[in-house]
Amino acid sequence: MTRTGKVISWIVGIIVILLIAIVIFIATFDWNRLKPTINQKVSTELNRTFAIRGNLGVDWSRQKDEAGWRAWVPWPHIHAENIVLGNPSDVQTGEKDAQIVKLARVDASIAPLALLHKEVLIPRIWLKQPDASLLRLDNGKNNWTFNLANSDTKDPAQPPSAWSFTLNDIVFDRGQIDYKDAKLKADFRAVIDPLGKPLPFTEVVGDKKDAPKTKTPPYVFGWKVDGKYNGESLSGSGKIGGMLALKDPDALFPLQADVRSGNTRVAVAGTLQDAMNLGGLDLRLKFSGQTLSDLYGLTGVLLPQTPPYSTDGHLSATLHGKDGAIYRYQNFNGEIGDSDIHGSLTYQASKPRPKLTGDVVSKQLRFADLAPLIGADSNKDKAKRGETTRQPSDKVLPVEKFDTKSWRVMDADVKFSAKRIEHGKSLPLSDLSTHLKLTDGEILLDPLRFGVAGGNLNSTIRLEGDKSPMQARADIHARHLKLKQLLPSVQSMERSLGDLNGDATLTGTGNSVAALLGTSNGDMKILINDGVISRGLMELAGLNVGNYVVSKLFGDDEVAINCAAANVNVKNGLVTPRLFVFDTENAVINITGNTNMATERLDLSINPESKGVRILTLRSPLYVRGTYKNPDAGVKPGPLIARGAAAVALGAVVAPAAALLALISPSDNEENQCGPILQQMKEK
């Protein structure tokens, strides 16, 4: 062998020996020697304690799934036991060595050839008994937000690292999550266990027609949760798939849940797509509970106070839209109290506030189911829905406060209509439609329209909840309300051809209906023509005071009303009639005085002027005093009413009478009797 050949042989031999030595070294190296370095490096980088307390090792084996010569390249399989990750220094529970994550064992394989392309590729990672303890303090700090060391001092102009990290799949056998949140008053534990034999995916709630059409992996794990959320008991169970397809955006991950929080129950079944990026949800979703407002703590969607409810619909979501996540609750059906509800809603997590839009319809609405919206339901119902405010026994106007602070958490643009309204025979409402807009704490109902007794009641309501206290304005217009339809059970009203027309404009300040009316300012105008009044009518309406007044004025007879006219001023809650008269076939009745909505007290005088001999023996004015809850009526002591007093009073109301002429409209081509009477007052 030549000298050159010997040199080459020695070089090759040395290289082979080195390779063999490296292989032997790697195969026999005790990787536990690297644990102190790894623990210190990771702890420094994450700004929290990290430790591999158990064995750390690397095994080598070929991947049979690889093709060709790649199948001969051995892969390192890393395993580590008893891994812990601690809490950051500013988020502590007071427990010694509190940890956010504990793992009994981690196994992962690294693709060696990918390292040549500066890519750390882990096709699959196995987690054994992963336990997580998530914590958020009252000041908002939590232990799951990672502040990397020197992250604030890095040069933004520095180019990104040429290395990339790819993790395809995660597999785990059993897990446990403890969650404590001082802000949400939450303290619960979720446990995940294998089901044993995988179960096929099936639609658990809802209609089969809405089940996903794509082939879905089976359920592999079951889970249970127990504890407290928002200070109330929390319990639930469900099932999920066994392997998160983190890399494949088309993979579907099945999930099913049935959770109860306090009086609220949520049941879902469906799939999560593109799990790595939370690409989308496709679920059948059921809600039920004591009041819709309780859903805010669970969903972040602001909804009003309601009677008990249940609803069932299809929830789909695009979780990474350009303007934020979009949730669509479509074609839902349900009940609120004794009313049905149907429609579709869209919730977009946009900035500066999320927004709720959609259309909701009720085929038959029970009017009493709207009472919780303004706090007008009973104290018993308030207690059922968890409301602490109680209506005082001596008050009529609702004192429950609107939660105006929560109005700024989201915006809304929702249309609602009710095709039929059930309210018994005392108030013949036929339909309802409204368009609600909530913008930065301000609610606008425009229009708020009711069909009433063959006519309509059109309103515009504005509530400025962004101001403290709240400011409100109401513009109300009643047109062509048929008197015989207003009181269909009164036989005498069947011959009535008259209408009721009216206008009201009120502004007020306060955070409840009682406060708004108690501070209100504005005007109210009402005209009634061609009606009938009787003692029996007052009894049917449940007006004991009216029953007394009518019996004193007319006895038990039915008396035709030619015209009833009211022009009322409201100032700081004090309602004072400019003009309030009834022109009947027997007498002209003038009502003076005032009623105070702030104190809910009445102080009215009723002065009749007889047109003939049919008026009964009344020789003094009547009074109505007391409170709204307990009114009192009687005969005023004093001198006789001077004949012509009512006429003198009517002659002093030129402007109020003229203002009411605008409410006159012909009814069935018949002459409105209020016209000549008001014109006569105006001329006087």
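Small disclaimer: the values here were computed from a predicted structure and weren't measured. Index from 1, following the sequence.
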Exercise for the section: Would you kindly say whether Thr595 and Tyr628 are connected by a side-chain donor-acceptor distance under 3.5 Å? Expected result: yes

Practice task
State, with a plain yes or no, whether a side-chain heavy atom of Val513 is found less than 4.5 Å away from one of Glu400.
Solution key: no

Fill in the blank from the handout: Checking Thr505, Thr507, Asn458 against Asp475 for side-chain hydrogen bond (donor to acceptor under 3.5 Å, both in side chains), the one that qualifies is Thr505

Handout entry: Phe580 and Leu604, any side-chain heavy atoms less than 4.5 Å apart
Key = no

Handout entry: Side-chain heavy atoms of Asn331 within contact of Ser344, under 4.5 Å
Key = yes

Handout entry: Least distance between heavy atoms, Pro307 atom then Gly337 atom
Key = CB-CA, 3.8 Å

Exercise for the section: State the NZ-CG distance between Lys286 and Leu315, to the nearest 0.5 angstrom. Expected result: 15.0 Å

Problem - Any donor-acceptor pair under 3.5 Å from Glu600 side chain to Val396 backbone - result: yes

Problem - NZ (Lys395) with more than 12 external heavy atoms under 6.0 Å - result: yes

Problem - Derivation of the side-chain contact (heavy atoms from CB on, under 4.5 Å) call for Leu303 and Leu356 - result: CA-CA 10 Å; Leu303 295 169; Leu356 181 71; 4.3 Å; yes

Problem - Modelled atom types, side-chain donor and acceptor of Asp294 and Thr291, under 3.5 Å - result: no

Handout entry: Heavy-atom check, side chain of Tyr309 versus side chain of Ile341, under 4.5 Å
Key = no

Problem - Closest contact, heavy atoms only, Leu602 versus Pro631 - result: CD1-CB, 3.8 Å

Problem - Value rounded to 0.5 Å, distance of CG in Leu574 from CG in Asn594 - result: 4.5 Å

Exercise for the section: May I ask you to check whether His477 and Asp503 show a side-chain donor-acceptor distance below 3.5 Å? Expected result: yes

Exercise for the section: Check for a donor-acceptor pair, side chain of Asp583 on one end and backbone N or O of Asn562 on the other, with a separation under 3.5 Å. Expected result: no

Problem - Check: Ile336 main-chain N/O paired with Asp338 side-chain donor or acceptor under 3.5 Å - result: no

Problem - Note, Asp523 side chain near Arg578 side chain (heavy atom, < 4.5 Å) - result: yes

Exercise for the section: Kindly compute the distance separating OG (Ser362) from CG (Asp431), expressed to the nearest 0.5 Å. Expected result: 11.5 Å

Exercise for the section: Would you name the heavy atoms of Gly510 and Leu516 that are closest together and state the gap between them? Expected result: O-CD2, 3.3 Å

Handout entry: OG1 on Thr264 to OH on Tyr296, rounded to 0.5 Å
Key = 15.0 Å

Practice task
State whether the side chain of Ser417 and the backbone N or O of Val361 hold a donor-acceptor pair below 3.5 Å, judged by distance alone.
Solution key: no

Problem - Interatomic spacing from CG in Leu302 to CG in Asp411 - rounded to 0.5 Å - result: 10.5 Å

Handout entry: side-chain contact (heavy atoms from CB on, under 4.5 Å) between Ile326 and Thr346, intermediate numbers included
Key = CA-CA 7 Å; Ile326 300 177; Thr346 298; 3.7 Å; yes

Practice task
Might you point out which heavy atoms bring Cys563 and Leu527 nearest each other, and give the distance in Å?
Solution key: SG-CD2, 4.1 Å

Handout entry: Any donor-acceptor N/O pair, Thr357 side chain to Asp413 backbone, under 3.5 Å
Key = no

Practice task
Please confirm whether the backbone N or O of Val399 pairs with a side-chain atom of Gln391, one donor and one acceptor, at under 3.5 Å?
Solution key: yes

Exercise for the section: Say whether Ser293 and Gln305, considering side chains only, have a donor N or O and an acceptor N or O under 3.5 Å apart. Expected result: yes

Exercise for the section: Decide yes or no for Ile589 and Ile606: does some side-chain heavy atom of the first lie under 4.5 Å from some side-chain heavy atom of the second? Expected result: yes

Exercise for the section: Answer yes or no: is there a donor N or O on one side and an acceptor on the other, between the side chain of Thr404 and the main chain of Trp407, under 3.5 Å? Expected result: no

Practice task
Spell out, as yes or no, whether a donor-acceptor pair under 3.5 Å connects the side chain of Asp446 to the backbone of Thr460.
Solution key: no

Problem - Donor + acceptor pair across side chains of Arg479, Asn456 (<3.5 Å) - result: no

Practice task
Determine the minimum heavy-atom distance between Pro354 and Ala349, stating which atoms define it.
Solution key: CB-CA, 4.0 Å

Practice task
Answer yes or no: is there a side-chain heavy-atom contact under 4.5 Å between Leu432 and Leu448?
Solution key: yes

Fill in the blank from the handout: Rounded to the nearest 0.5 angstrom, the CG-NZ distance for Leu436 and Lys415 is 12.5 Å

Handout entry: Thr627 side chain near Asp394 side chain, heavy-atom distance below 4.5 Å
Key = no

Problem - Shortest non-hydrogen contact from Leu517 toward Ser520 - result: O-OG, 2.7 Å

Handout entry: Salt-bridge contact Asp466-Arg408 (side-chain N to carboxylate O under 4.0 Å)
Key = no

Problem - Main-chain N/O of Asp499 paired with Asn529 side-chain donor or acceptor, under 3.5 Å - result: yes

Practice task
Starting from the C-alpha separation in whole Å, work towards a yes-or-no answer on side-chain contact (heavy atoms from CB on, under 4.5 Å) for Arg420 and Lys363.
Solution key: CA-CA 6 Å; Arg420 183 176 180 272; Lys363 296 178 181 178; over 6 Å; no

Handout entry: Working for side-chain contact (heavy atoms from CB on, under 4.5 Å), residues Leu285 and Val266
Key = CA-CA 7 Å; Leu285 172 62; Val266 180; 3.7 Å; yes

Exercise for the section: Mark yes or no for whether Asp603, through its side chain, and Gly593, through its backbone, hold a donor-acceptor pair below 3.5 Å. Expected result: no

